[in-house]
Amino acid sequence: MADILFENTLTGRKEPFVPLHKGEVRMYTCGPTVYDFAHIGNFRTFTFQDVLRRFLRLRGYKVLQVMNLTDVDDRIIQNAAQRGIGIREYTDQYIQIFLEDCRSLSLEPPEHLIRATDHIDDMVRLIQRLSEKSLTYVSDGSIYYRISKFPAYGKLAKIDLSGIQPGARVDVDRYEKADARDFALWKAPKPGEHFWETPIGPGRPGWHIECSAMAMKYLGETLDIHTGGVDLTFPHHENEIAQSEAATGKPFVRYWLHAEHLNIEGEKMSKSLGNFFTLRELYEQGHKPSSIRFLLASVPYRRQLTFSLDGLQQAASSVERLRNFVYRLKSEKFPAGESSAMAARVAQAEADFQKGLEDDLNTAQALAAVFDLVRDANTAMDRGEFRSGDAPCALAAMEEFDQIFAVLPDDDAEKLRALGFQTAAGAEISDAEVDAFVAERQAARKRRDFTAADQIRQQLADRGIILEDTRDGGVRWKRK
Ligand SMILES: [Zn+2]
């Protein structure tokens, strides 16, 4: 198999991927700040990193991934205080919601999903290491990183520091590129604020130190891959590099992979612009988890993705097309034998699929390989050229594709029920009940009682179940 190429933000080039430890990939993903529902722009990034880890696993790597949960920051402290509860209690509920959302999108859980507030000691020790190297200073009880002491500052985001005033400080965690300044590693408590009593004084960690400390604790001082949304490049990831590399003297991350924005009506979807959808809003409108996952995964991560409800409908039909094809493979009676042409066609699709993903996770190219196969195989089936012996290898290919895209299992209704949504009426009728009705209708058809058969079809339709008669006299059903 050919090399995997990743576009590395640090070098600005596509580079062959070679992990530091043979057969194992260590990667870190900036997780959510758990102060509210995540929106689907956030889930675009999380879906990208899921596709990444699934592909690495498909290629035989063991993946060790850490994702942090930022469960302390200005907004969390403020919101918790407003509600009169502790920050732990406040963030617990949003962590729960985040995990449920991830499950609904079939995002594989990282090996370590960890909370910032469980790692205060690790952050304090890292700040102490930086202080021992004279990279920090104290002002009003807060500890700042002196960026003029780290000459490589700006190498990730490609910013020129010549115009920066030494000693200019910034207290907030998020700021614009033009404002490269000394940033807070440790923040002195404001009156009434939640704080930790530590050897470096009372206070709480800045956002950036969190990721450096937690990444290095679980993955070692040099990581293979660090992922995140493109807007984290500066200042967050730049600061992670400054903190980690100044402390260890080693490269912090070998491949930086950044997912582009998800846009809506020409603008970046964001909390601050108020132009966002949460997953649950889309579920409430009747959209399926599989359509959302498909849409988010279908556009290569380095390209901006324009979100629209039309696009979501198209994603739903694409998923349906894949599921119908697999259903045909499993249930239709094909003429006996095998066709070498079809075996070759399937092998070609598998090769093209890999080739797409090898090229910096080009999911659009990989999906094109899948849909071309589906089209060609469907045509062969319609012409009677597809043989029963061709089905197992076509099915195996579809299952391999689904190790990345994870949309084939027809489990949307079940996932929505798990989130407490009342789905279409069909959700309330069990699979076994539907099967019983279908068997009854088949019996009616057999004795040519078409009135009874039609009645059953109608009854099921009223409950959100759609029946499709197949070419070989069978029936397939699905929920609306
Ligand atoms: Zn981070």
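Order of listing sets the numbers, starting from 1, for every ligand and every atom in it. Position 1 is the first residue of the sequence, and the numbers go up from there.
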Close aromatic pair by centroid cut-off 6.0 Å: Tyr145 and Tyr153:
no
ang(NE2 His236, the Zn ion (ligand 1), SG Cys211) rounded to 10° is 110°
The Zn ion (ligand 1) reached by His237 (N, O or S, under 2.8 Å)
no
Applied to residues 106-115, the side chain to side chain donor-acceptor pair (under 3.5 Å) test, sequence neighbours excluded, yields Arg53-Glu108, Arg53-Glu111, Arg57-Glu108, Asp71-Arg115, Thr91-Arg115, Asp92-Arg115, Ser106-Lys415
Check: Taking both backbone and side chain into account, is any N, O or S atom of His208 nearer than 2.8 Å to the Zn ion (ligand 1)?
Finding: no
TODO: State plainly whether the residues Glu193 and Lys187 are in salt-bridge range, i.e. N to O under 4.0 Å.
DONE: no
| So Lys62 and Glu24, salt bridge (charged side-chain N to carboxylate O under 4.0 Å, His left out) or not? Walk me through it. | CA-CA 5 Å; Lys62 181 177 169 229; Glu24 186 186 59; 3.2 Å; yes
